[in-house]
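Report on one structure; see the data block that follows.
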Amino acid sequence: MAGEFGIVLRRLREGAGLTQEELTRRSGVSVSTIRGLETGKRGNPRMTTVQQLADALALGSEGREELLRAAVPGHPGDGGPGEPVVEPPAPPRPAPAEQDPLADAVERLAKAVAARWQREEEHRRIQDPYPLPVRWKAADETLTDHWANIRRLPPGAVSGPLDLSGRLERIAETYRSVPSGRLVVLGRSGSGKTILALRFVLDHLKSRTPGEPVPVIFSIGAWNPTAITLRDWLTEQLTRDHPGTAARGPGRASLAAALVDSGRVLPVLDGFDEMADGLRRPALEALNATTLPLLLTSRPAEYAAAVLQTDVLTSAAPIELADLTLDDLDHYLPRTTRKSGGADPAAGAWDPVLEKLRGSSPDRPATPLATVLSTPLMVALARTVYSDTPDHDPASLLDAERFGSAEELEEHLLDSFLPTVYRRRPRPGARDWDPDRAQRWLGHLAHHLTELKTPDLAWWRLGDGLRDSTRTLVTALVAALAIGLVDSAITTAFYGSLADGLVDGAIVGLLAGCLFGFVHWLTYTVTGKEVTPSAVRLRIRGRPEATTWGAGPRLVIGTLGGAAFGFAYGFVVGLMHAYAWKVDFSSALHLGLVDAIVLALVFGGGAGLAFCLLGLLETPLDIVSAVSPRRVLRTDRRAVVTQLALAVPVFGAAVGLGLGVVVDLLQGHLGRLVLSPTASLAVGTVSGLGGALGYTLSLTAWGQWCVFSRVWLPLTRRLPWAVAAFLDDAYQRGVLRQAGAVYQFRHARLQSHLAQAHRRG
């Protein structure tokens with residue numbers, strides 16, 4: 001039986017002349033949620049859902065009041081004298097699994113997110129010896145929306161501000177105290193915004209009820225709001241970090257899209273200040289165009305500038321992080337060093353430094369060291385350089401002649417960080433890296449991210465920092481060399497002539513390299529798309545789950561692509577034969593067209609068959625399959641190799657056998673066609689292996705990783721030969737951090753510092 005809210009909602013919807021599907025399109029609330037609310041199967045709707053429905057129905061003040069009263073029986077006031085205090089609505093009760101096809105996916109996503117960030121918190125030593133105290137207070141009123149909007153009160157209700165002060169361990173409580181579900185965390189560079197976002201995710205998941213969305217951290221600095229909508233970008237990022245969500249969800253959309261569109265994901269948007277200057281205004285406008293609950297972090301100046309250009313984040317309550325105090329340093333830094341073992345066993349290297357800071361006159365301005373150590377980032381750097389290194393004395397930081405300003409002291413800590421962490425091994429058996437080379441390589445990576453305008457260091461995008469022409473030429477060159485060597489070896493083995501093998505390999509390698517380079521340029525450079533890791537694997541037995549790509553589209557794409565390749569390749573080969581046989585222009589054109597038609601049919605059929613078979617046997621990865629960049633790399637490599645192990649014999653056999661069939665069918669129609677069994681077998685073998693190599697190197701993430709990260713960038717001394725080991729080692733040393741499937745520099749300030757040093761060098 002429908003509840004009061006469902007009855008009111010249905011009457012208002014029918015009064016507006018809308019179907020449930022039309023209301024879904026207008027509001028963004030899923031049709032299953034609307035149907036559940038109207039039938040009474042879903043109760044206690046969230047305030048964000050009520051607001052979305054009211055906006056979509058274009059209700060006036062009376063209609064909104066009626067809908068809100070039905071959603072919250074005994075509708076309260078604003079908490080003024082004589083009125084009850086507005087409490088956040090209770091979370092919706094979870095629907096039974098048979099009514100909610102996303103319930104299982106939501107719970108698996110929650111477990112995967114919790115496990116990932118728990119490991120990351122342990123690796124960052126946030127709890128060692130205990131978390132630095134991060135406090136906050138309500139931000140400036142000029143950055144705050146009307147409190148009535150934040151409290152989700154009806155028109156005419158009088159409202160006052162919420163008490164938003166708190167500490168790190170209460171961030172989840174602070175968020176839940178905001179009825180709108182929108183919180184902005186402001187803090188200057190290094191003040192602990194990212195750590196707070198991480199702690200929020202873990203604390204929210206611990207107390208999360210099944211009906212609440214799953215908080216997921218997204219680095220908003222990588223979002224271009226002028227090129228992609230917020231929901232589509234969230235879907236892409238969720239698929240990247242959890243490839244299992246690429247599976248088809250309810251309807252035709254992917255599981256990731258279904259989770260985002262149905263409000264099952266709570267976006268934690270970290271690093272608004274890391275967006276390009278010209279993108280912050282459209283980003284804030286795009287966020288205001290939605291009613292999604294979210295948590296946003298930013299430096300105050302960048303957020304205030306965006307607010308000045310457009311408006312505050314609608315219905316968002318902002319808080320601002322406070323600086324660390326000398327008491328905080330007294331409690332923390334001495335506990336990070338070894339005991340001296342002297343007259344006072346508990347004394348350490350930081351005690352005289354802190355005593356000196358406390359002895360400063362209150363009438364004088366704060367010393368540079370006191371100013372620098374007011375942020376968790378600089379405290380962490382000082383701990384690394386001085387607490388963890390016995391031969392470094394923190395008393396040197398008080399040298400006023402050497403460090404006359406806070407900026408000079410910060411630069412010193414940033415400069416000293418890499419030599420310090422690369423002087424020791426992070427774990428037994430770890431590889432030693434030369435500090436100077438490591439700094440040069442990390443400087444290149446920081447510059448690479450600055451050029452791409454993203455904080456995400458993705459292994460599959462390490463070549464994207466090169467010019468488009470360079471990327472295309474390098475891809476074509478490596479593909480030509482690989483295919484040419486394979487062709488030379490196979491031709492020599494079949495015909496017994498090394499000279500013929502080298503000549504044929506040179507011709508085939510050159511043509512194939514040019515063609516695959518052109519395909520790479522057409523696929524990625526022209527369209528502006530980026531190559532991404534595979535989100536599927538092969539399952540030989542059993543019926544695979546549906547993916548967003550079916551066998552039908554693969555058949556069409558494979559056939560068209562193979563036919564285009566075969567036509568171009570056949571025409572060039574025909575012209576090469578005509579030149580060798582010294583025939584006239586008309587005969588040469590005829591030979592080129594004949595070979596083009598034959599090979600277009602053969603390669604189109606073979607590629608279509610191979611792609612279709614791969615589509616039939618593909619199944620999505622698990623949601624928990626991508627827990628680190630190295631695991632994503634191994635998973636993608638295994639997926640590509642497994643696919644090629646199936647595609648090579650299928651494609652090779654289809655080309656070899658198809659060549660004989662097509663020649664027999666077209667015999668006489670295109671003239672006299674000659675094909676020996678040896679030639680058919682050789683062409684099939686070369687096509688299978690060469691086509692697989694070309695496809696891998698030019699069109700897969702792992703192939704592009706091999707081309708640039710394993711060949712070109714090390715060859716040009718921009719990266720080490722063992723790139724994956726170097727990145728993992730940098731993560732172990734605390735230079736990089738993991739954010740799902742990508743790395744990021746420990747802090748944006750460190751990335752900026754290394755990029756500037758790289759440009760100066």
Side-chain angles (χ1 to χ4, degrees), residues 479 482-483 485-487 489-491 493-494 508 512 515-516 519 523 534-570 573 597-621 635-665 675 677-703 706:
I483 295 173
L485 289 174
V486 168
D487 182 271
I490 294 174
T491 302
F494 272 95
V508 171
L515 286 170
F516 277 112
V519 170
T523 304
S534 174
V536 296
R537 59 186 172 190
L538 293 185
R539 183 164 64 186
I540 306 301
R541 295 182 180 178
R543 184 176 180 179
E545 291 182 54
T547 61
T548 53
W549 282 95
R554 292 291 186 90
L555 176 62
V556 175
I557 293 174
T559 301
L560 293 177
F565 173 81
F567 187 89
Y569 177 64
V573 169
I597 293 173
V598 171
L599 292 184
L601 293 173
V602 172
F603 277 89
L609 176 63
F611 269 58
C612 180
L613 186 59
L614 288 174
L616 288 172
L617 296 178
E618 283 181 349
T619 184
L621 298 171
T635 301
D636 189 61
R637 178 181 59 205
R638 185 166 55 248
V640 171
V641 171
T642 305
Q643 289 172 338
L644 294 182
L646 177 66
V648 167
V650 171
F651 183 57
V655 170
L657 297 175
L659 195 58
V661 172
V662 170
V663 167
D664 287 341
L665 291 175
L675 178 68
T678 302
S680 179
L681 184 59
V683 170
T685 305
V686 171
S687 299
L689 293 175
L693 276 174
Y695 171 81
T696 300
L697 295 174
S698 60
L699 297 175
T700 68
W702 180 62
C706 293

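Residue numbers count from 1 along this sequence.
Of all non-hydrogen atoms in Gly566 and Leu599, the two that sit nearest each other are O-CB, 3.4 Å. Of all heavy-atom pairs spanning Ile597 and Phe567, the tightest one is N-CD1, 4.4 Å. Contact record, Leu644 with Pro649: O-CD, 4.1 Å, taken as the closest heavy-atom pair. Listed here is the closest heavy atom pair of Ile483 and Ala512: CD1-CB, 3.7 Å. Among all heavy-atom pairs drawn from Leu555 and Leu609, the shortest one is CD1-N, 4.4 Å. Pairing each heavy atom of Leu697 with each of Ala482, the nearest pair is CD1-CB, 3.9 Å.
Atoms CZ and OG1, from Phe603 and Thr559 in turn, are 14.0 Å apart once rounded to the nearest 0.5 Å. To the nearest 0.5 Å, atom OG1 of residue Thr685 and atom CG of residue Asp487 are 10.5 Å apart.
With contacts defined as side-chain heavy-atom distances shorter than 4.5 Å, the pair Val648/Leu689 qualifies. You'll find the side chain of Leu693 stays beyond 4.5 Å of the side chain of Phe516, heavy atoms only.
The side-chain hydrogen bond (donor to acceptor under 3.5 Å, both in side chains) check on Thr696 picks up nothing, with sequence neighbours excluded.
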